[in-house]
Amino acid sequence: MSATCHDTQDHVELKPEFVAHADELISHYPVSKRSASLPLLHFWQETHGYISNQAVEWIAGKLGLNPIQILELVTFYPMFRQHPAGKFQIKVCRTLSCQLGGAYELREHFMKKLGITKVDEHGLGISADGKFSVEFVECLASCGTAPVIMVNDDFYEGVSHTQADELLQKYN
Amino acid sequence: MPAPAEYRLVFKHIDEPGYTNDIECYLRHGGYEQLKKAFTMKGPDIVNEVKASGLRGRGGAGFACGVKWGFIDPTKNTKPVYLICNADESEPGTFKDRQIIHKDPHQLIEGMVIACYANNVHLSYIYIRGEFPLGAKILEKAIAEAKAKNFLGKNILGSGYDLEIYVHRGAGAYICGEETGLIESLEGKRPYPRIKPPYFPAVLGLYMCPTIVNNVETLCDVKHIIAMGGANYAKIGKPNNTGTRLIGVSGDVAKPGYYEFEVGSLTLGQLINDVCGGIKNGRKLQAVIPGGSSSKVLRAGEKYKIKEKQADGSMIDKEIGLEDIPMDFDTMAAVGSMSGSGGVIVIDDSRDIVSCLANLSEFYAHESCGQCTPCREGSLWMKKITRRLADGHGRLEDVALLKSVADNIAGRTICAMGEACSWPVQSFVAKFKNEFEAKGRAGKGPAVAATNGH
Ligand SMILES: Cc1cc2nc3c(=O)[nH]c(=O)nc-3n(C[C@H](O)[C@H](O)[C@H](O)COP(=O)(O)O)c2cc1C
Ligand code: SF4
Ligand code: FES
């Protein structure tokens, strides 16, 4: 687990709507503001793509925490990223029912089609143009329609290689 | 014998043509009528109905819901009581809660409001796994709709009772499904499970206050218990195994899918052969994981000794095969496994069983939170050993080594993940010893296999 943040993005200016929505999220936790850590991390990542140093510090400041109390969440929870991933993030479920349904072959297919040969320490591979990233994730609770994948927030079930090719066209 | 018909209670409207997840549709189908009925009752009376129903938790452990609620006496404690709906649904093989969340969210909200009212809860959260972004949006919309109609919020339906429910998203960690890990996560921390005692949720839960954690399906059942009364609900299913159960079948069957049956009304064989159309492509059954990936595997052809209660109350010993096992909590336990989360994974005889275990071991190694050495190191070694065996780099001694690692985890950890990760290994290795040893013997030596992109 890396203990540092890698800032590859310029400092972002936060829009008033962003701050207002963050305050709304905090209001869901009348007993303890700290509970809003995950919601704010999600909201930041959805808006800005990944969790930067600035994100860690801003969220910590907002919730009256030390930055390490936010950073330790980023390094633990698999969904948070410290680097940008692809514009379209393909997550292929690799767990047993999906493996039986051809998940490993499906991931290979995506990697080949996108010309991805290298993956990082979390198994994430990004296409050269930065448009797509491919990674394995664990059971997505749709095991009866294996293999299943997510592309950003969208879910696809029983994905054949032909459908995989169509999805690469669709997200463009 | 052909399988009995499905008994759709919680799934009544799931996939019904024309049924949508908005509140107007729900109201047209009698929605929120049970909430109105519940408000004519006193909280403790509702708790008693749930006790009488015999409802057992549907999240995995099968703990009696009424008993769990009974641990909390709102008249005696001065702290607020919280209720959390566990919508983390991340036990591999389980895919039922997602159907409710997406297709009938108001059923869950109605069940939750009743459960909260019964236990004098005024603040409640739905903890939904991070990979359900659409599910979270659907629930938020349902909550807003319910609030607009005053089924939620201040002075609900003029009863003087207030309740807020918020949706809280996880972020990709399986251990957030364990209830004390979930609570830590909801407090904004790493989801490190808490040690019990003293941190039983009913005593020291969310914000160190008494807390009820219930699965999505359990909370939906509460609505139906109010509708028919606890005693009538208890007539569905079998004694000590009451009600209906959502079952998801995946893997090598012709018709995988989600179904709802009276608990214990059908056998594993009926489920696989009649309901799910048998094993795919004319192959034969090799193994079944009957209750989510953590449950112990059952091998085709095995025989089990169980006790069966006769009509006159006497017990007889009986030997049954895998296909004869009735799908209920107690029999699944009696044959050495568990009905767990209701996820059935079927494996046919063309599959390399060692690879199947390697897949699951990789899951547990990835998901251990790392607090306890036996679970953190043990799950990692089980992954490495099963992987090298599966990939042809193992040795014969690996089989005994694997077993000894697995045998030294359970009972030595903070949470039940210790059991969850070792049960598959122990049962696969014990029941498929020849297959594991053959892999070890054919192995090319002790090279540790490279990781496979994960
Ligand atoms: C490792 C682990 C993972 C779990 N995952 C889930 C889950 O995803 N969903 C769930 O409802 N319960 C899960 N549980 C069970 C919960 O701890 C808890 O028992 C359950 O939510 C209680 O609800 P119930 O009584 O209604 O079943 C898990 C338990 C363990 C040990
Ligand atoms: S048993 Fe495993 S998952 Fe549970 S607390 Fe210990 S290390 Fe964490
Ligand atoms: S194993 Fe892939 S969705 Fe469950």
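Side-chain atoms are counted along with the backbone in the values below, which use heavy atoms only and exclude waters and symmetry mates. First the proteins, then the strands, lettered A, B, ... as listed; each starts at 1.
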In terms of heavy-atom proximity below 4.5 Å to chain B, should Glu135(A) be classed as side chain, backbone, both, or neither?
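No part of it gets close to chain B.
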
Measure distances from [X] to the heavy atoms of chain A and classify the residue's part below 4.5 Å as side chain, backbone, both or neither.
X: Tyr174(B); value: neither
X: Cys369(B); value: both
X: Ile289(B); value: side chain
X: Pro191(B); value: both
X: Lys280(B); value: neither
X: Ile345(B); value: side chain
X: Ser293(B); value: neither
X: Val253(B); value: neither
X: Leu206(B); value: neither
X: Pro92(B); value: both
X: Glu367(B); value: side chain
X: Phe363(B); value: both

Drop me the distance from [X]'s [atom1] to [Y]'s [atom2], to the nearest 0.5 angstrom.
X: Leu140(A); Y: Ser90(B); atom1: CG; atom2: OG; result: 10.5 Å
X: Ile165(B); Y: His28(A); atom1: CD1; atom2: NE2; result: 13.0 Å
X: Tyr104(A); Y: Ser355(B); atom1: OH; atom2: OG; result: 9.5 Å
X: Lys189(B); Y: Ser37(A); atom1: NZ; atom2: OG; result: 10.0 Å
X: Leu96(A); Y: Ile347(B); atom1: CG; atom2: CD1; result: 5.0 Å
X: Phe95(B); Y: Cys139(A); atom1: CZ; atom2: SG; result: 9.0 Å

Backbone N/O of [Y] and side chain of [X]: donor-acceptor pair under 3.5 Å:
X: Asn359(B); Y: Arg94(A); answer: yes
X: Arg351(B); Y: Leu100(A); answer: yes
X: Arg98(B); Y: Ala141(A); answer: yes

Most contacts with chain A, counted as non-hydrogen pairs under 4.5 angstrom, among [options]:
options: Pro80(B), Ser185(B), Gly343(B); value: Ser185(B)
options: Arg129(B), Glu89(B), Glu91(B), Glu164(B); value: Arg129(B)
options: Pro133(B), Gly370(B), Gly257(B), Pro256(B); value: Pro133(B)
options: Cys356(B), Gly251(B), Gly248(B); value: Cys356(B)

Short N-O contact, Glu184(B) and Arg34(A), less than 4.0 angstrom:
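A salt bridge is absent here (no side-chain N lies under 4.0 Å from a carboxylate O).
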
Assess whether side-chain contact (heavy atoms from CB on, under 4.5 Å) is satisfied between Gln99(A) and Glu362(B), documenting all intermediate values.
CA-CA 12 Å; Gln99(A) 176 186 303; Glu362(B) 183 159 343; over 6 Å; no

Which atom pair, heavy atoms only, marks the closest approach of Gly170(B) to Leu38(A)?
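Taking Gly170(B) first and Leu38(A) second, the nearest heavy atoms are CA-CD1, 4.3 Å.
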
Please report the shortest heavy-atom distance between Ala173(B) and Tyr77(A), naming the atom on each side.
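Smallest interatomic distance, heavy atoms only, reads CB-CD2, 4.2 Å.
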
So do Lys137(B) and Asp153(A) actually touch side chain to side chain, heavy atoms under 4.5 Å?
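They are in side-chain contact.
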
Under 6.0 Å from the NZ atom of Lys113(A), do we count more than 12 heavy atoms belonging to anything else shown?
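Open.
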
Might you confirm whether atom NZ of Lys284(B) has over 12 heavy atoms from other residues, nucleotides or ligands at distances under 6.0 Å?
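No - once you tally the heavy atoms of other residues, nucleotides and ligands closer than 6.0 Å, there are 12 at most.
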
Select, from Ser142(A), Ala146(A), Cys143(A), the one with the greatest count of heavy-atom pairs under 4.5 Å involving chain B.
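Option with the greatest count: Cys143(A).
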
Under 30°, 30 to 60°, or over 60°: which ring-plane class applies to Phe76(A) and Tyr192(B), parallel, tilted or perpendicular?
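Perpendicular.
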
Assess the side chains of Ser35(A) and Tyr125(B): does a donor N or O sit below 3.5 Å from an acceptor N or O?
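Checked: Ser35(A)/Tyr125(B) side chains show no N/O donor-acceptor pair below 3.5 Å.
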
Ring centres of His168(B) and Tyr29(A) under 6.0 Å apart?
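Yes: the rings meet the under 6.0 Å criterion.
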
